[in-house]
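Comments concern the structure below.
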Amino acid sequence: MRTMWKGAIGFGLVSVPVRLYAAVQEHGLRLHQVHDKDGGRIHLKRVCEVCDEQVGYEHIAKGYQDDEGHTAVVTQDELAGLPLPSKKLIDVLAFVDAGRIDPLQLSSGYYLAPESAAAQKPYVLLRETLKQTERVAVTKIALRTRESLALLRVHGDLLTLHTMYWPDEIRDAGDLAPPSSVTVRPQELKMATSLMDTLSEEFDLEGLEDEYEIALGELINAHLSDRPVPKKETAPAPDNVIDLMAALQASIDSAARKPGEKPERPGRGAKKTAAAGKTARGTAKKAAEPQKRTAAKKTAAASTASTGRKTTAKSTTAKTAKKTAATRKSGRRAAS
């Protein structure tokens with residue numbers, strides 16, 4: 001890696017000589033301006049609006065224009081001669097708890113390495129002290145002739161530096177937040193937490209890639225090889241949320257679904273359930289028919305037997321009455 005800056009970390013009377021390296025490298029295919037008709041490069045010329053002459057870099061200075069239109073011209077030599085205490089020094093202002101730093105203030109990130117073997121001992125001392133106390137250092141540093149706040153912290157076995165925005169560079173959010181009258185129910189919080197847990201399972205941060213850059217590379221390769229331009233559709237963003245609970249549940253189901261598995265069509269589950277219920281009712285009805293026929297036969301037989309018993313009883317009673325009447329009649333004849 002190329003050294004971007006050399007200086008020292010200074011806190012109290014302790015000085016740690018270090019080198020500064022860029023910690024990040026933005027990737028991307030660099031595009032330039034061309035004429036859409038013939039592909040010719042478009043060149044921007046630096047032309048002075050007063051004399052209408054093209055100006056080279058060696059004659060370009062810095063300027064500031066006030067509200068009345070007056071311009072103050074400042075040369076590069078004048079800028080270089082300005083007193084800048086933090087030009088070669090990472091000046092530690094204070095050591096604070098890491099939680100006090102708002103991530104919104106952080107800007108670019110850099111690696112700090114010891115400048116020499118003699119700097120390794122104080123380097124490790126500072127690193128271990130920050131690690132054990134769980135603190136970070138608020139510092140000032142000048143990069144490219146501009147002084148800025150910076151955060152010194154531990155990252156693995158290295159010290160890292162993050163340039164910071166000044167407090168007055170952070171805009172006031174004003175009334176952008178939803179009003180305090182907007183509340184959520186416990187069930188909604190529970191489902192949102194469940195969705196977070198589902199999305200966090202087996203998450204591989206290292207496996208993420210820039211899909212836009214990949215698509216741009218395919219587009220450029222298609223133009224270079226005279227192949228058809230590939231077309232890819234972008235899923236539209238949801239325009240509204242009607243039912244928050246339903247949206248949360250659908251999100252959980254989608255996150256838990258296996259790769260390649262198609263989502264079930266709306267209402268399909270209900271149709272399956274209804275069909276299964278209808279089949280079960282038909283099976284139960286068929287199974288119950290023999291039992292109904294048997295019960296009907298038993299009822300008919302019982303009714304027949306009951307009718308027969310009643311008829312026999314009536315016949316016996318009638319015969320007994322006739323015998324009694326005949327006996328009484330014979331007795332009256334004998335007495336006469």
Side-chain angles (χ1 to χ4, degrees), residues 22-28 67 86 90-110 130-131 133-144 146-156 159-213 215-216 232-257 263 266:
V24 296
Q25 179 180 358
E26 294 186 7
H27 57 71
D67 296 336
S86 57
I90 300 175
D91 187 16
V92 176
L93 305 178
F95 296 96
V96 299
D97 294 335
R100 286 187 56 185
I101 303 301
D102 187 351
L104 197 62
Q105 284 189 260
L106 301 181
S107 182
S108 302
Y110 302 90
L130 289 174
K131 186 183 298 185
T133 59
E134 297 182 351
R135 292 183 178 182
V136 294
V138 178
T139 70
K140 287 199 303 183
I141 185 174
L143 295 174
R144 302 184 183 92
R146 181 184 177 186
E147 187 176 62
S148 67
L149 279 177
L151 182 72
L152 185 66
R153 70 180 185 92
V154 178
H155 177 74
L159 291 175
T160 58
L161 189 80
H162 299 265
T163 54
M164 301 173 63
Y165 296 104
W166 296 96
D168 59 355
E169 291 181 314
I170 305 299
R171 292 181 175 179
D172 183 7
D175 57 353
L176 297 179
S180 57
S181 58
V182 179
T183 59
V184 293
R185 296 177 294 169
Q187 343 31 329
E188 293 169 339
L189 283 172
K190 184 176 180 181
M191 291 197 69
T193 303
S194 178
L195 173 59
M196 289 181 182
D197 294 339
T198 303
L199 292 176
S200 301
E201 291 179 358
E202 300 180 359
F203 175 69
D204 182 16
L205 182 61
E206 301 297 329
L208 298 180
E209 56 186 10
D210 189 345
E211 297 181 7
Y212 176 82
E213 184 186 4
L216 178 60
K232 291 188 178 182
E233 296 182 358
T234 302
D239 54 356
N240 62 347
V241 178
I242 299 177
D243 188 339
L244 182 58
M245 294 293 285
L248 287 170
Q249 185 60 56
S251 300
I252 294 174
D253 295 341
S254 177
R257 191 178 302 121

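Values in this document were obtained by computation on a predicted structure and should not be read as measured data.
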Quiz prompt | Shortest non-hydrogen contact from Arg100 toward Val96 | solution = NH1-CG1, 3.8 Å
Quiz item: Could you state the interatomic distance from CG (Asp210) to CG (Leu216), rounded to the nearest 0.5 Å?
Solution: 9.0 Å
Quiz item: Of all heavy-atom pairs between Leu130 and Thr133, which one has the smallest distance, and what is that distance?
Solution: O-OG1, 3.4 Å
Quiz item: Taking C-beta and beyond as the side chain, do Val92 and Val138 meet within less than 4.5 Å on heavy atoms?
Solution: no
Exercise. Might you point out which heavy atoms bring Met164 and Ala150 nearest each other, and give the distance in Å?
Key: SD-C, 3.7 Å
Quiz item: Should Asp91 and Thr139 count as side-chain neighbours, where that means a heavy-atom distance under 4.5 Å?
Solution: no
Quiz item: Looking at Trp166 and Lys140, what are the two nearest heavy atoms and their distance?
Solution: CH2-CD, 4.0 Å
Quiz item: Given side chains that start at C-beta, do those of Leu149 and Leu93 come closer than 4.5 Å, heavy atoms only?
Solution: yes
Quiz prompt | Test item: Asp97 and Arg135 side chains (from C-beta on) under 4.5 Å apart, heavy atoms | solution = yes
Quiz item: Under 3.5 Å, is there a donor-acceptor pair between the side chain of Thr198 and the main chain of Ser194?
Solution: yes
Exercise. Show your reasoning for whether side-chain contact (heavy atoms from CB on, under 4.5 Å) applies to Arg153 and His155.
Key: CA-CA 7 Å; Arg153 70 180 185 92; His155 177 74; 4.1 Å; yes
Quiz item: Does NZ in Lys131 sit with more than 12 non-hydrogen atoms of other residues, nucleotides or ligands closer than 6.0 Å?
Solution: yes
Quiz item: Tyr165 and Leu104: which non-hydrogen atoms are nearest, and at how many Å?
Solution: CD1-O, 3.9 Å
Quiz item: Given side chains that start at C-beta, do those of Phe95 and Leu152 come closer than 4.5 Å, heavy atoms only?
Solution: no
Quiz item: More than 12 foreign heavy atoms under 6.0 Å from CG of Asp67: is that the case here?
Solution: no
Quiz prompt | Gap separating the CD atom of Gln105 from the CG atom of Leu151, nearest 0.5 angstrom | solution = 9.5 Å
Quiz item: Is the side chain of Ser108 donor-acceptor paired with the backbone N or O of Thr163 at a distance under 3.5 Å, no angle test?
Solution: no
